[in-house]
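Working notes for the structure below.
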2 protein chains.
Amino acid sequence: MANLEIRPAEMQVLIDDQRAGLTVREFQIFWVLAERQDRVVTREEIYRLIWDGRLPRRNRSVDVFVRKVRVKLEKLAPEWSYIHTHFGIGYRFSPEPGGDQSSASSAASSNGNLNS
Amino acid sequence: MANLEIRPAEMQVLIDDQRAGLTVREFQIFWVLAERQDRVVTREEIYRLIWDGRLPRRNRSVDVFVRKVRVKLEKLAPEWSYIHTHFGIGYRFSPEPGGDQSSASSAASSNGNLNS
DNA sequence: ACAGGCTTTCACCAACTCTTCACCAACGCC
DNA sequence: GGCGTTGGTGAAGAGTTGGTGAAAGCCTGT
C-alpha cells in the first residue's frame, strides 16, 4: 500500500518516501483538497481559496492544476487514485486503490496520513 | 437500518457511508423533497423551485428525475423506500422500511385539504 | 537580454448530464 | 370491465462540463 505523507510547512508531498515534486500552485490545489479529505469541494471554493476572487466563467485553472497534480501523484502510485471528479460540482480528495474509477459513486473509506 | 446522511453544501447523499452519486439536478429534486420531509410536494412546486417557471402541460421532467433518484437510492438501500408517489398530486419524502408500498392513496376531492 | 521554470490561457475532444419522446402500467371513475 | 388520465420507464439527441496537450505570458536569476 502506498504511504502518503504531507508536509504543509514544506509544501512537500511524499509517496513511499518519494517526493512528488509539486510546484507551489500544485501544492495549494492539493492541500485545499487534502485538508478536506472525503469532502467534495466546489471549483468556486477552490478558486476562492487560492486565487481570492470569484471564479470567472470558463476559467479552467482549477482543472488544469488538478490534472498536473494527478499526473505527478500517479507517477509515484499508479495503482492509486487520489483526486476524484464530481461532475458539475467539484473535486474530492480520497486515496483509493484502483487506477481511477473516475468518481461520482463509489465508497468512501480510506485513511491517508496527514502529517504536519 | 440505513443511515442517511445529506450534505447540501456538497450536494452529496450518503447511505451507510456510500455515496449515492446524484447529479446536480437529481440532488436538487432530492433536496426539495427532503427539506419538506413527510409533506406532499406538488409537481408544480417542485418545478417552480428548480426550474423557475410554471410547469408546462405534459412536461415530465420531475417524474424522470424522481425516478433517477429512486434508482440510485434503491441501489444503496434496497429495503427502504424514500420517495412516495401521491397520485394526481405530487411526491413525498419519507424514509420507510419495505421495498415500496407505493404509498397513500388520498383523494384530491373538492373538499380536499391542502396542507401548506 | 536570455534561459529556465512556473503559471495561465486556449482549443479541441471526450465524457457526462439534461431534456424530451414514446410506450406501457397503474389509477380513478363510470 | 372499459375508458380517460396520470405516473413509470427506457432510450436518444442536444447541450454542458471536464480532460488534455500545447502555446503564450511571467518571473527570477544570470
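In what follows, chains are A, B, ... by sequence order, proteins preceding strands, each numbered from 1.
- A heavy atom closer than 4.0 Å to some atom of DNA chain C occurs in A/Trp51, these being the qualifying members of residues 41-53 of chain A.
- Distance CE (B/Met11) to P (C/dT17): 12 Å, rounded to an integer number of Å.
- Residue order along DNA chain C, read from the 5' end via each residue's closest nucleotide, puts A/Val24 first among B/Lys72 and A/Val24.
- Atom CG in A/Asn59 sits about 15 Å away from atom P in C/dT7, given to the nearest Å.
- Note on B/Tyr91: a side-chain N or O is less than 4.0 Å away from OP1 or OP2 of D/dG8.
- Regarding contacts with the backbone of D/dT16, every side-chain N or O of A/Arg58 stays at 4.0 angstrom or more from both OP1 and OP2.
- Whole-Å rounding puts the A/His84 NE2 to D/dG19 C1' distance at 16 Å.
- Atom CD in B/Glu26 sits roughly 8 Å away from atom C1' in C/dT17 (whole-Å rounding).
- Under the 4.0 Å criterion applied to side-chain N and carboxylate O atoms, B/Glu26 and B/Lys68 are not assigned as salt-bridge partners.
- By the rule that hydrophobic residues join a cluster once side-chain heavy atoms approach within less than 4.5 Å of another member, B/Leu49 and B/Met11 end up as members of one cluster.
- The side chain of A/Thr85 lies closest to D/dG19, out of C/dT9, C/dC16, D/dG19.
- Within the 4.0 Å cut-off from OP1 or OP2 of C/dT7, at least one side-chain nitrogen or oxygen of A/Thr23 is found.
- If A/Asp63 and A/Lys68 are placed on DNA chain D by their nearest nucleotide, the residue sitting closer to the 5' end is A/Asp63.
- Residues A/Phe65 and A/Phe30 place their aromatic rings such that the two centres sit no closer than 6.0 Å.
- Proximity note for B/Phe65 (side chain, C-beta onward) versus C/dA11, C/dT9, C/dT19: the nearest is C/dT19.
- To the nearest 0.5 Å, atom CD of residue A/Gln12 and atom CZ of residue A/Arg19 are 4.5 Å apart.
- Distance from the side chain of A/Arg25 is smallest for C/dT8 among the nucleotides C/dT8, D/dG8, C/dC16.
- A salt bridge is absent between A/Glu35 and A/Arg39: the closest approach of a Lys/Arg side-chain nitrogen to an acidic carboxylate oxygen does not fall below 4.0 angstrom.
- In this structure, the separation between CG on A/Asn3 and CG on A/Asp17 is 6.5 Å, given to the nearest 0.5 Å.
- When the nucleotides D/dG8, C/dC12, C/dC21 are ranked by their closest atom to the side chain of B/Val64, C/dC21 comes out on top.
- The line from CZ of B/Arg25 to CD1 of B/Ile29 is 8.5 Å long, rounded to the nearest 0.5 Å.
- Between the P atom of D/dT17 and the CZ atom of A/Arg60 lies a distance of 11 Å, rounded to the nearest Å.
- Ion pair B/Glu5/B/Arg7 flagged as a salt bridge, since at least one NZ, NE, NH1 or NH2 atom sits closer than 4.0 Å to an Asp/Glu carboxylate oxygen.
- In this structure, the CD1 atom of B/Ile83 is 10 Å from the P atom of D/dG8, given to the nearest Å.
- Closest contact between the side chain of B/Ser61 and the listed nucleotides C/dT20, D/dG18, C/dA26 involves C/dT20.
- Residue A/Leu55 contributes atom CG, which lies 14 Å from atom C1' of C/dT9 at whole-angstrom precision.
- The distance between atom CD of B/Gln28 and atom P of C/dT19, rounded to the nearest whole Å, is 9 Å.
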